[in-house]
Trainee: 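If you scroll down you'll find the structure; I have some questions about it.
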Amino acid sequence: MSKIARRTFIQLSAAASAGAFLHTSREAVAQDLPQVDESSPAAQALKYVHDASAVDPATRPKDDAEQNCANCMFIQGADDAEWRPCTLFPNQVVASAGWCSAWALKP
Ligand code: SF4
C-alpha cells in the first residue's frame, strides 16, 4: 500500500469511527431520557398515549388511516427504537407506538 493510499485509508477509517461514535452517542442519550408521563399536563394537553391503538379513530383531528409516533413528522432518533425523542416533548422520549393530537404524517 502506498503512503498516499495508507493515509487516505487512515483518514477514512477515522471519519467512519467518528460517525459511528456520534450515532452511538445519540442512541445513548435517547435511552437515558425519561418516558413521557401520560398524566403530565403537556401529555394531557396533546392527548398523548403510549399506545395509538387505544385511541378511537373518530376522535382524531386527522383521518389518515395509520397514525403513530413512528410515522409522525415530529419523531426523531433511530427508526427501530421503541422509545424515541419527539420535538414536542423536549428531553423526553415517546413510544414509537404512541400517538398525540399533533400527529402529522412524515413526508
Ligand atoms: Fe408522537 Fe408525533 Fe405526537 Fe410526537 S408529535 S408524540 S411523534 S404523534
Side-chain angles (χ1 to χ4, degrees):
M1 186 181 287
S2 71
K3 278 188 173 181
I4 293 174
R6 186 177 304 135
R7 184 179 304 149
T8 301
F9 173 77
I10 291 170
Q11 288 170 341
L12 289 173
S13 297
S17 296
F21 174 75
L22 287 174
H23 180 74
T24 303
S25 296
R26 279 194 210 113
E27 293 299 311
V29 168
Q31 289 175 357
D32 293 341
L33 294 173
Q35 298 173 0
V36 169
D37 179 352
E38 290 177 317
S39 63
S40 70
Q44 294 276 306
L46 290 173
K47 301 178 181 170
Y48 170 80
V49 291
H50 295 319
D51 181 5
S53 68
V55 179
D56 179 356
T59 65
R60 296 174 175 167
K62 301 176 186 84
D63 60 1
D64 298 69
E66 187 176 340
Q67 299 184 20
N68 55 51
C69 293
N71 65 12
C72 175
M73 67 182 295
F74 299 111
I75 198 76
Q76 301 176 321
D79 287 345
D80 60 347
E82 187 178 353
W83 294 90
R84 301 168 63 182
C86 165
T87 55
L88 273 64
F89 292 96
N91 302 315
Q92 299 170 79
V93 288
V94 299
S96 288
W99 178 89
C100 86
S101 60
W103 179 91
L105 184 61
K106 190 187 299 185

Trainee: Looking at every heavy atom in both A52 and G98, which two are closest together, and how far apart are they?
Mentor: CB-O, 3.6 Å
Trainee: For E66 and N71, run side chain to side chain contact (heavy atoms under 4.5 Å, CB included): C-alpha distance rounded to whole Å, both residues' side-chain angles, the deciding distance at 0.1 Å, then the answer.
Mentor: CA-CA 8 Å; E66 187 176 340; N71 65 12; 4.0 Å; yes
Trainee: On a heavy-atom basis, which atom in S101 and which in A45 lie closest, and how many Å separate them?
Mentor: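 Residues S101 and A45, closest heavy atoms: OG-O, 4.4 Å.
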Trainee: Taking only residues at least two apart or on different chains, which pairs with a member in residues 84-107 satisfy salt bridge (Lys or Arg N to Asp or Glu O under 4.0 Å)?
Mentor: D79-R84
Trainee: When clusters are formed by joining ILVMFWY residues with side-chain heavy atoms under 4.5 Å apart, either directly or through shared neighbours, do V93 and I75 land in the same one?
Mentor: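 In one cluster with V93: I75, yes.
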Trainee: Between N68 and W99, does a side chain to side chain contact (heavy atoms under 4.5 Å, CB included) hold up when you go through it step by step?
Mentor: CA-CA 5 Å; N68 55 51; W99 178 89; 5.6 Å; no
Trainee: Locate the shortest heavy-atom distance separating C100 from L46; write the atom from each residue and the value.
Mentor: CB-O, 3.3 Å
Trainee: Considering all heavy atoms of both residues, which atom of H50 and which atom of E38 are nearest to each other, and what is their separation?
Mentor: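 Taking H50 first and E38 second, the nearest heavy atoms are N-OE2, 2.7 Å.
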Trainee: My understanding is that only residues two or more places apart in sequence, or in another chain, count here; which of them pass ring pair (Phe, Tyr, Trp, His ring centres under 6.0 Å) with F89?
Mentor: Y48
Trainee: Test Q92 against Q35 for side chain to side chain contact (heavy atoms under 4.5 Å, CB included), laying out the working first.
Mentor: CA-CA 6 Å; Q92 299 170 79; Q35 298 173 0; over 6 Å; no
Trainee: Identify the two heavy atoms, one from S96 and one from A81, that lie closest to each other, and give their separation to 0.1 Å.
Mentor: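 Shortest heavy-atom contact: OG-O, 2.6 Å.
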Trainee: State plainly whether one hydrophobic cluster holds both L105 and L88, where clusters connect Ile, Leu, Val, Met, Phe, Trp and Tyr through side-chain heavy atoms under 4.5 angstrom apart.
Mentor: no
Trainee: Regarding Q67 and W103, is there a side-chain donor-to-acceptor distance under 3.5 Å anywhere?
Mentor: no
Trainee: List the atom of F74, the atom of A104, and the distance in Å for their closest heavy-atom pair.
Mentor: CE1-CB, 4.3 Å
